[in-house]
Amino acid sequence: MAQVRELEENLYASLSVRWVQGFPKQNVHFVNDSTICYSCGNFVVFINIETKKKTVLQCMNGIVGVVATNVPYEVVAFSDRKLKPLIYIYNFPGLTRRTKLKGNVLLDYTLLSFSYCGTYLASYSSLPEFELALWNWESNVILCKKSQLGMDMSQMTFNPMNWRQLCLSNPSSVTVWTIERSNQEHYFKARSVKLPMEDGTFFNEKDVIFPDSLPKDLIYGPVLPLSAIAGLVGKEAETFRPKDDLYPLLHPTVHCWTPTSDLYVGCEEGHLLLINGENLKATVLNKVEGQTPLDGRHFFSPVTLAYQKGGVLASGIDGFVYSFIIKDSCYTVEDFLHLEEPVEYLMFSPSYKILLIKTEKGSVYIYTFGEKPTLDNILEACDGKFQAIDFITPGNEYCMTLTHSGEICVWCLEDGACVSRIYLNTLATVMACSPSSLSAAVGTVGGSVHFIDIRDATSPQAVHKAFLSESSVQHLLYDQRGMYLLVGTSKGYLFVINANPSSLFQILGFVEVGKDILQISTVSLLETDIVEVMVLSPLPETGRSRLEIFTLPKILPQVFTAFTNERGKMREELIHKFLYEIEHALSSAVLDFESNRIYGFCNEVSYICIYLLPEKAIKKEVKLFSNKRRDIKRGIKALAKTVMNMMEENQTVDNIAKLEQWEFGLDLEELERLHNESEEEIEKIRKDAEMHNLAKRYLAELIKEECWNSMAVKGRALKCFHIPYVVENFPMKQRTDEELKEVKRVFQQKKIETECLKIRKEIVEVQSAITLSKKHHEEEDEEEEEDVAEKDTSLPNYLLGSLSTDFGVHTSLLSSQLELHSREEKIDQIILLKDIIYKVKTVFNNEFDAAYKQKEFEIARVKEKNIRIQEIILDLELEESVWQPEFDDHEKPERTLVVKSSESTDARHRALMDMMGGVLEVKKEDILRMVISQPAFMAKPDALWSEEEKKQFKDYEKKVKELNEEKDKYRKSLEAELKKLQNSIQESTQNFDEHLKRLFKRRVKAEMVVNQEELKINNLVFSLLLDEEINSREAFLNNYVARKQDEKNQTSEAIRKSREDLDVYKEHYDNLLAEDKVLDRSFKKEFSEIPSHQVDMLYKLFKRRPRIHKQKMQSDTTSIVPFGERPGSGKLNKEAYAQLMKAMDDLDNINNMPEGLDSLVWEHFCMTRRVKVENEQKVKQKAAGLMEMVAFLRRRVEEDEQVQQDIEKAFHELVLLQEEKVKFQLNLTIQILLKQGQVELENFQLLLEYSDAILINKNIIEDLNSVIRTQGQKKIASMMESKDVHKGIFQIEWDHKKMEMEMEDLNQKAWDIQMLFFSRERQKYLTEPNYETMIAIQIGIMEQTIAVLDKNHTATDAVVPPSDHVRVTPGDVLVSSGQLQRNASTHATFRPSG
């Protein structure tokens, strides 16, 4: 093993790559201004565009994947194609490996791109990761990465002006990735570009998550987004769109950046887009319809774009390069360059002086700008893939290649230069060079072989073409001596051609071998006169291999006619053809030079097998059967002669009897093949017909099973006898056990709920009766009577929503339409409604069956009566037809499924007919047929009759008269019976028709009930569906809030981390800034020992900084390069720092030291100044990093605020949805029956708008009224009690006022009394306790006195005249006292009004 390993190592060490010839299928890149590179198999090929010298870099781990270059650093990166691929970065032109990048990609990298600024490399991988990664290739680390599942990208580019922007595009999207950095942390942020539609317009995209413009449906509940209707609750609901809302968008094909960080995007539809780099808003540029391109061409579908000042260069598939001159939002198109091939890629050199053009075929052109632009072909590609390669022998200077399109190239073996090429203009398959002459053979798909003269390698020529067969040529092989060319076709024919050009490549014959030839092997030695040929073909049926070996003699070109038959097929006995089978499925096999063993290779095993040929057994077998072979040959010759005679005879017959030429063929295999083909075709047609019939029968059986066999009640119809009425029953399937079980469960549950509700009501009624019995016995009795009346009455049909009760179906278990709020209640209601539909159909079907039996009975009765009617018609000899009703196929549909051989006869009718023919006595029916025979004498004249004969004639006339009278009487009775029977049939059938009319109305009503119940079911199903949609929407919003909260936690954590990092970084920055200030302030202290004027001089030098001259681009380059001076990269920053330090070395030179200053002091000063400069550079770097971190923190805060807004919006939407859900559960859709014409409105729209109306159950109103009455009675009692209290309060207040007024009166009286003048008499009246007695005594005395005075007055009245003077008498005093008393009593009895 050690020796073998050493031998292998020595073998590998001795091999080296001289040159590589291949053409780019991917993009070509500039390494510098004079060198381009591309991938080619396992190599990266570098071409100097000035000298066209090639340099190759081999990938040691397989095929090169994608390639990218970095011009500032002059490095090239490529990936290998293997499991867990790597990215290699090499220096140029040294081609030494700089680093190796290893990621977690499993299969392949599809895109690589370097940033112009900095040491950044972006990579994109294919499935399964679809990972975008950002590398720092110099430090060999991944800075950040992001996966895009299922997104395969076609182009990836960095923004030349800003390494923080990266654009990725594919035919369906354009995405701009922003790279954010905080100190040493890097993050990817993606933003997608909203593309226009195919016509260039923008679709007004609505918010899918929170749609604002959904219509409001006041009848059927809330209108939800389409994602909720689809039942989506996950993240996919955020981007869900139905198929009808998906509009085809533009398909980007290529993009390029501009100096303003905008993007130009070319689309497959021919549009050119301008994408703003900040807001990513796409604008469709308008083409100015001015001067059209040459030859009336119209630009379409740009394949590649290259930015130049004032526009872009673009190319399509027509071989033209166009110049787009863009101004504002318009552009014009001009022809720039024309090539013969479609242009696939355009790229400017770093100096923009050269335009690289790669064609679809792989050719590379260089267009050099200048006063006289030039177009040079750097690499001319071959047309198609290489199909074959061979050395040109004799000699070792050249080799030939063949492509599938028929292009032949001659290459120099020394340097790989293309010497010449020739085009065959046909599809080629294989090529071989002759070892005996400077010629080559090329096989084609069309079955031809082209021969090429290559004596002059610089100008090969096609000299001959041989057509062999219609099958394509798969193998070409010259024997070792170059005598014969063996041509193998795909149909299993091996042609032998004379390889000598002087014979004009004569075809010597063909040999039939196995199809799908794998390999042809020959043994042609100088010391032998034969060529051994072996053909390997597969036997896929058995998994074995087939070997066919035959020999070709050296003298075959001279005697080939004797070796072949009339078809050119070589005779197997002459070429000694043998057939072998190998038990292994070989993929390759060759003969050894001794022709006694075979070397074979099998793909299933990893070694070469050796098989020995049984030569002795073969020779013995040939010798044993030689006589039989001779006899067979004689028989074949005789048979051939017979066939020739038949063919000659066939030429003399008529055309209609003439046979075809192929029918005389004796090729049994061919005849058998044709016979087998015809049999296969017949069998195929037969099978197709059988399968078609089987499919029809299967479909018929399915229909029969679904519509007939599975029906418990078969569908049938009933027709009236006289009117066009047809009544159909309801076809019904048998309910399954699951359905019955579900119905039983709902019934039991409803009964339990009914009993529980009844008990609860009884409890409530008892409690309410106890509460109200104390005060309002009579009113409560009335209410209880009303309640009982309400309980006894069932719900009317117009509230039930259907007329199912008209069919005797109990609806007591149905829930009220106003109480169906929960999902379970609706499902139970649907089950009950389906049961009601089933019962309604069953009730009607029972009625239908009864009517069907009635019609059967009517038809049977009509048949019975028709028998008698038929007899009467025969007896009366009437020409009338008897109406006989029958069932048709709609009434007996089972008759259509059964084919009867004959109709059954009416056995009863036959029996009656038989009995009528066997009566023993004459019945009344025979009277009409009776005839009284005439006497014989009636043949004589009347005059010759005798008396006796005359008497007999009178008897004869009497009998005839009596018979005729009997006949008339019987005929009238028959006519009456006939009319009676017909009237009976008419009446009975009309009665049935009337019954069927009523049944028809019943059928219409039953169908109406079924439709009503189905409408209620549909409303319930719709409500359940809407309920599911609401639940889906609610679940989505909850999931959305959960995701946003997780995102909020992430953003909060990012803010916290960013602030911590910012604080730490700022602390370092402050410390560094403080150190810088300390260095500045402590300068004079450092040099306090020297004189002050020297200190001032040194301080000025301390503040002095060297000026670094930037390398300015040449004026012509500046005018050409559109991107101008790009931002500095890390390399440029390092170079600038090195230049600064170099300038500081110049400042530190001893020649710049002030005069009189000590050299030690100068050295110390230079060291201090250098420390200050280095510290200033650190401060600048820290300040830039600090600004970057502050901006990063600000963006994180904005993201956090946006997430918080999304959460609040989702919560608001969730609250609104829950409100809508509650409204939907309370606002039910119910079905009400209205009588026709009961509600009539002029405007139909008013029926749909009840925004200010509510529908309440009557029971709720009545229960509420009962409660209101009870509470009203309580309130009235309370008000009466309150009224009595108020009356008492008013009475007390009135008494109080009365007392106050009495008190005032008494006080007034007391005052009056106090102010009154009292005489002695009055004082005596008040002080004398027996004042009345005293007055009475005085009155008595005064009365006596008056009486005396009256007596005296009367005595003196006549003598004494009247006097004018009035005297005061005691009566006056008495009157005054009485008046006082009256006044006192008046004061005492005074009452205030009121």
Side-chain angles (χ1 to χ4, degrees), residues 16-81 85-102 109 111-123 135-140 156-158 160 163 345 347-356 358 362 364 366 368 376 378-379 415-416 1111 1117 1121 1126 1129-1132 1134-1135:
S16 61
V17 178
R18 180 181 296 181
W19 50 267
V20 175
Q21 190 58 257
F23 310 103
K25 292 300 179 184
Q26 300 180 14
N27 295 339
V28 183
H29 304 272
F30 274 100
V31 182
N32 51 40
D33 264 340
S34 60
T35 307
I36 61 174
C37 69
Y38 62 92
S39 62
C40 178
N42 294 11
F43 300 88
V44 178
V45 181
F46 299 86
I47 301 178
N48 189 306
I49 59 179
E50 297 175 355
T51 62
K52 296 187 180 181
K53 182 180 179 182
K54 289 185 180 180
T55 308
V56 295
L57 172 63
Q58 185 175 4
C59 176
M60 306 306 296
N61 292 325
I63 299 175
V64 175
V66 288
V67 179
T69 60
N70 189 331
V71 175
Y73 286 86
E74 289 191 334
V75 295
V76 58
F78 63 89
S79 64
D80 54 9
R81 285 187 173 170
L86 303 176
I87 299 175
Y88 302 91
I89 298 180
Y90 279 77
N91 288 319
F92 185 83
L95 299 184
T96 57
R97 193 174 77 181
R98 187 160 181 174
T99 184
K100 179 173 65 174
L101 308 178
K102 183 177 181 180
Y109 288 101
L111 296 172
L112 290 178
S113 180
F114 279 102
S115 67
Y116 183 85
C117 309
T119 57
Y120 300 105
L121 173 68
S123 65
W135 302 76
N136 186 333
W137 57 266
E138 199 171 43
S139 57
N140 195 10
M156 177 176 65
T157 57
F158 272 98
W163 68 270
Y345 184 65
M347 185 180 183
F348 281 100
S349 65
S351 62
Y352 267 74
K353 294 181 179 180
I354 298 174
L355 176 65
L356 182 143
K358 186 183 85 69
V364 178
I366 294 296
T368 305
D376 298 326
I378 300 299
L379 185 65
D415 56 1
Q1111 295 181 357
T1117 304
V1121 177
R1126 309 185 193 184
S1129 63
K1131 180 180 179 181
L1132 296 179
K1134 291 180 181 179
E1135 292 176 354

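Bear in mind that the values here come from a model prediction, so they are computed numbers and not experimental data.
- Between T99 and W137, the side chains place no donor N or O within less than 3.5 Å of an acceptor N or O (distance only, hydrogens not considered).
- Side-chain contact between V28 and I47 is absent, with no heavy-atom pair separated by less than 4.5 Å.
- With a 4.5 Å cut-off on side-chain heavy atoms, Y345 and L356 count as touching.
- Of the residues listed (V364, V45, I354), the one engaging I36 in a side chain to side chain contact (heavy atoms under 4.5 Å, CB included) is V364, and it is the only one.
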Practice task
Any chance you could lay out the side chain to side chain contact (heavy atoms under 4.5 Å, CB included) test for D33 and K353, step after step, and finish with the verdict?
Solution key: CA-CA 9 Å; D33 264 340; K353 294 181 179 180; over 6 Å; no
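- Heavy atoms only, all atoms of each residue included: W135 and S123 are closest at NE1-OG, 3.0 Å.
- Below 30°, between 30° and 60°, or above 60°: for W163 and Y120 the angle between ring planes is below 30°, a parallel geometry.
- In this structure, C37 and V31 approach most closely via the heavy-atom pair SG-CG2, 3.8 Å.
- Residues L121 and L101 meet the side-chain proximity criterion, which asks for heavy atoms closer than 4.5 Å.
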Practice task
Show the numbers, then the answer: is there a side chain to side chain contact (heavy atoms under 4.5 Å, CB included) between K54 and L379?
Solution key: CA-CA 11 Å; K54 289 185 180 180; L379 185 65; 3.9 Å; yes
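- With values rounded to the nearest 0.5 angstrom, Y116 atom OH is found 9.0 Å from N70 atom CG.
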Practice task
Take F92 and L57 through the test side chain to side chain contact (heavy atoms under 4.5 Å, CB included) and record every step on the way to the result.
Solution key: CA-CA 10 Å; F92 185 83; L57 172 63; over 6 Å; no
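- Between L355 and I366, every side-chain heavy-atom pair lies at or beyond the 4.5 Å cut-off.
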Exercise for the section: Go through the steps for Q58 and V17 under the test side chain to side chain contact (heavy atoms under 4.5 Å, CB included), then give the verdict. Expected result: CA-CA 9 Å; Q58 185 175 4; V17 178; 4.0 Å; yes
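- Residues meeting the side chain to side chain contact (heavy atoms under 4.5 Å, CB included) test with K100, sequence neighbours left out: L86, Y88, R97.
- The environment of NZ in K53 is sparse: at most 12 heavy-atom neighbours from other residues, nucleotides or ligands sit within 6.0 Å.
- Of all heavy-atom pairs between F30 and T69, the closest is O-OG1, 2.8 Å.
- Closest approach of H29 to V67, counting heavy atoms only: NE2-O, 3.0 Å.
- Distance check: E50 CD to D376 CG gives 11.0 Å after rounding to the nearest 0.5 Å.
- Atom CZ of F43 is separated from atom CZ of F78 by 11.0 Å, given to the nearest 0.5 angstrom.
- In this structure, the separation between OH on Y73 and CD on E138 is 5.5 Å, given to the nearest 0.5 Å.
- The nearest pair of heavy atoms linking G65 to S39 is O-OG, 4.0 Å.
- Residues L112 and S79 share a closest heavy-atom pair of CD1-N, 4.2 Å.
- Here CG of N91 is found 9.5 Å from CD1 of I89. Values are rounded to the nearest 0.5 Å.
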